[in-house]
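Note sheet for the following structure.
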Amino acid sequence: MLQTEVLIIGSGIAGATAALRLARNPRRQITLITRASDPHESNTRYAQGGIVGRSPADDAETLVRDILVAGAGASSPEAARILADEGPALLKEILIEGVGVPFDRDENGEMNWGNEAAHTNRRILHVGDETGRAIAVALIEALRQCPNVHLQTDSTAVDLITYPHHSRDPLCAYEPIICHGAYVFDRKERTVHRHLASTTVLATGGLGRIYRVTTNPMGSRGDGVAMAHRAGARIINAEYVQFHPTALATPGAEGFLISEAVRGEGGILLTPDGEPFMAQYAPERKDLAPRDIVARAIHDQLETHGYSHVLLDLATRMPADEIRSRFPNIYATCMEVGIDITRDPIPVVPAAHYFCGWVWVDEHGRSSIQNLYAIGEVSCTGLHGANRLASTSLLEGLVWGNRTAERIEAELQEGMLPGPPPWDDIPRWDESGLVVETDPALIYGDLQTIQSLMWHYVGLVRSGDRLSRAIRELRHMWNEIETFYRATKLSDGLIGLRNAVEVALIVAQAARHNHQSRGCHFRQDTFTSQGGRLI
Ligand SMILES: Cc1cc2nc3c(=O)[nH]c(=O)nc-3n(C[C@H](O)[C@H](O)[C@H](O)COP(=O)(O)OP(=O)(O)OC[C@H]3O[C@@H](n4cnc5c(N)ncnc54)[C@H](O)[C@@H]3O)c2cc1C
């Protein structure tokens, strides 16, 4: 059993920011865990395009308006206002002046502001096309300098410890649900520890890996949402899965993101025959229309004409040396698979990318469970509504990471948090009698089935029939996997599989429940009668 004041699960931009802000008080004891062996490994690490700041030509009102328009009428105006008011100043204070992220500057030393789809102004700060890597490196380095932050890798949270669920006292059943930490699987020792904490913060990121084609790395499988759901937290907007329009469609590099900044810098989409097509779908903004519209337009082209991909042309729109210096990572990765983006168009398809909904939180990151906060992609502040505006998620992690830390600090100072429960009241993790070792083939096979079901039936274009079919099959798999889980020794893969099927069901059920097409949730069976936007 381990005890800490604040347990933060996840070391991406949200978790790292919260830890860094809490660590300013030297009396605080913070434990930051990640399932990965490398603390940089996260969705944050792969972010390319950049993070929204405030360029001289920009103002908070315009950013709020852009967020609300992209969100298709479902973004919370309050959340958008918080982000627009606080975000740019925090970016400067924490990322630029605090941890020294080397954002690109022009020859005069001024910030080099980038553009992306659905933004009115050039307002995006970037570090080449590896912005996320630069942010992750700077934040983790800063955390390593904090003596009161214990950074623990190879540690997979399995479940939250909540009362009354884990209490032996029957009278706890009449109390509100309260979180006291988490059961954490040590991947090296292969044992589960009880991590008790006064406050727990979920910062576990997204779940792109429940889809067959995704831009997300391996660990993005919805662990935090599944844990929160099992504990009884309120989950909202789960149907709003954002598909990025342009992921590389070349064997060996499937899912590699071709940043929206490529279209922001002039790149245009073409059919395989070289014809531009976005004007048919979005006459005004064309290739710079919101993500949901561009992704569905590409999907429509693929379905209607049987294409395996469409093309994204930057070569004829930007000089070769500028392409190489603005997009070095995209250039190098495409070269590895035989595509020279300074000469050739890039074959692309849409891919599952970002989750706009999930664990409901208030303006301070508080979930519906006492002492449980959620920040970053695992949370739903309402900011992204039904469709996220590009480059706002890193900023959301920063803003709510900071707000949550401030709230926790205030609660700890005011003594508002209940003390830990009696140690012996929390049951040890019991694996006695389990002899079956995890079978990797079963885990891999089941995960592939889930990914395929989600891709075909709960994808970019949905219908009641497809969703019902997905739910029936996912329920069957949930039963099988739960039985397998209860009989098998724990592993990180097994934890992920159990969570993946749980969150896949949550997405499919939310999508079936919501008949109204909006933003990235598109129901072809009810679209005409409900008047959603797009094609
Ligand atoms: C390819 C790509 C490009 C992107 N580009 C941009 C961009 O340009 N601009 C932008 O704003 N957004 C971008 N995004 C989205 C953005 O990167 C993410 O939304 C954001 O980084 C999420 O941050 P986070 O801190 O919430 O989660 P993450 O950065 O994903 O961190 C999650 C952490 O939780 C840990 N974790 C997960 N499960 C467990 C568990 N069970 N136990 C312990 N630890 C666990 C992980 O190991 C990791 O440390 C991009 C995303 C991708 C995938």
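When reading the values below, keep in mind they use all heavy atoms of this one structure, side chains included, and skip hydrogens, waters and symmetry mates. Atoms within each ligand, like the ligands themselves, are counted from 1 in listed order. All figures in this text were calculated on a predicted structure; none of them were measured in a lab.
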Margin query: If you define the side chain from C-beta out and look only at heavy atoms, does anything of His195 sit under 4.5 Å from Gln152?
Written below: yes
Margin query: Can you report which non-hydrogen protein atom sits closest to atom 17 (O) of ligand 1, along with the distance?
Written below: Asn43 O, 3.4 Å
Next item on the list: Among all protein heavy atoms, pick the one closest to atom 18 (C) of ligand 1 and tell me residue, atom and distance.
Entry: Glu377 OE1, 3.3 Å
Note to self: Out of Ala47, Gly255, Gly15, who is nearest to atom 5 (N) of ligand 1 when you count heavy atoms only?
What the structure shows: Ala47
Check: Below 3.5 angstrom, do we get any N/O pair linking Thr215 and ligand 1?
Finding: no
Check: Do the charged groups of Glu93 and Arg21 touch, with an N to O distance under 4.0 Å?
Finding: yes
Next item on the list: Please work out whether the ring planes of His521 and Tyr240 are parallel, tilted or perpendicular, with thresholds of 30° and 60°.
Entry: perpendicular
Notebook entry, point to check: Do any nitrogen or oxygen atoms of Ile13 lie less than 3.5 angstrom from nitrogen or oxygen atoms of ligand 1?
Noted result: yes
Checklist line | atom 16 (C) of ligand 1 - nearest protein heavy atom and its distance | finding: Ser393 OG, 3.5 Å
Item checked: Flag side-chain contact, heavy atom, 4.5 Å: Ile236 against Trp358 -> no
Next item on the list: Ignoring hydrogens, just give me the one of Ala136, Gly208, Gly50 whose non-hydrogen atom is nearest atom 9 (N) of ligand 1.
Entry: Gly50
Checklist line | Salt bridge flag under 4.0 Å for residues Arg221 and Asp223 | finding: yes
Note to self: I'd like to know if Arg123 pairs up with Asp66 as an ion pair, taking the criterion as any Lys NZ or Arg NE/NH1/NH2 lying under 4.0 Å from an Asp or Glu carboxylate oxygen.
What the structure shows: yes
Check: Do any N/O atoms on His353 end up under 3.5 angstrom from N/O atoms on ligand 1?
Finding: no
Notebook entry, point to check: Can Glu86 and Arg403 be counted as an ion pair, charged N to O under 4.0 angstrom?
Noted result: yes
Item checked: Tyr183 and His166: CA distance, side-chain angles, deciding distance, ring pair (Phe, Tyr, Trp, His ring centres under 6.0 Å) verdict -> CA-CA 11 Å; Tyr183 287 103; His166 291 104; 5.2 Å; yes
Notebook entry, point to check: For Met227, is at least one N or O under 3.5 Å away from an N or O on ligand 1?
Noted result: no
Next item on the list: Check whether any side-chain heavy atom of Met218 sits under 4.5 Å from a side-chain heavy atom of Arg209, and report yes or no.
Entry: yes
Notebook entry, point to check: Would you call Gly224 a ligand 1 contact, heavy-atom distance under 4.0 Å?
Noted result: no
Notebook entry, point to check: Among Glu260, Arg35, Met218, which residue places a heavy atom closest to atom 45 (C) of ligand 1?
Noted result: Arg35
Notebook entry, point to check: Thinking salt bridges, do Glu265 and Arg122 make one under a 4.0 Å N-O criterion?
Noted result: yes
Checklist line | Contact (N/O only, under 3.5 Å) between Thr156 and ligand 1 | finding: no
Margin query: Tell me whether Ile9 has any N or O atom under 3.5 angstrom from an N or O of ligand 1.
Written below: no
Margin query: Quick check on contacts: which atoms of ligand 1 are under 4.0 angstrom from a heavy atom of Gly376?
Written below: 26 (O)
Notebook entry, point to check: Does a salt bridge link Arg486 with Glu482, judged by any charged N lying under 4.0 Å from a carboxylate O?
Noted result: yes
Notebook entry, point to check: Short list, please: which atoms of ligand 1 are under 4.0 Å from a heavy atom of Leu257?
Noted result: 1 (C), 2 (C), 3 (C)
Margin query: I'd like the name of whichever of Ala352, Gly10, Ser379, Gly222 reaches closest to atom 34 (O) of ligand 1 through any heavy atom.
Written below: Gly10
Item checked: Closest to atom 33 (C) of ligand 1 among Ala203, Gly205, Pro39 (heavy-atom distance) -> Ala203
Margin query: Any nitrogen or oxygen of Thr44, side chain or backbone, less than 3.5 Å from one on ligand 1?
Written below: yes
Next item on the list: Find all atoms of ligand 1 within a distance of less than 4.0 Å from any non-hydrogen atom belonging to Arg388, and give their numbers and elements.
Entry: 10 (C), 11 (O), 12 (N)
Next item on the list: Report yes or no: does a heavy atom of Gly132 sit under 4.0 Å from some atom of ligand 1?
Entry: no
Notebook entry, point to check: So, is Ala157 polar-close to ligand 1, with some N/O to N/O distance under 3.5 Å?
Noted result: yes
Notebook entry, point to check: Mind checking whether Thr34 has an N or O less than 3.5 Å away from an N or O of ligand 1?
Noted result: yes
Next item on the list: Decide whether an N or O pair under 3.5 Å exists between Asn216 and ligand 1.
Entry: no
Checklist line | Close side-chain approach of Leu22 to Ile408, heavy-atom, < 4.5 Å | finding: yes
Item checked: Contacting atoms of ligand 1, where contact means under 4.0 angstrom from a heavy atom of Glu41 -> 47 (O), 48 (C), 49 (O)
Notebook entry, point to check: If you measure from the Lys or Arg side-chain nitrogens to the Asp or Glu carboxylate oxygens, is any gap between Glu78 and Arg81 under 4.0 Å?
Noted result: no
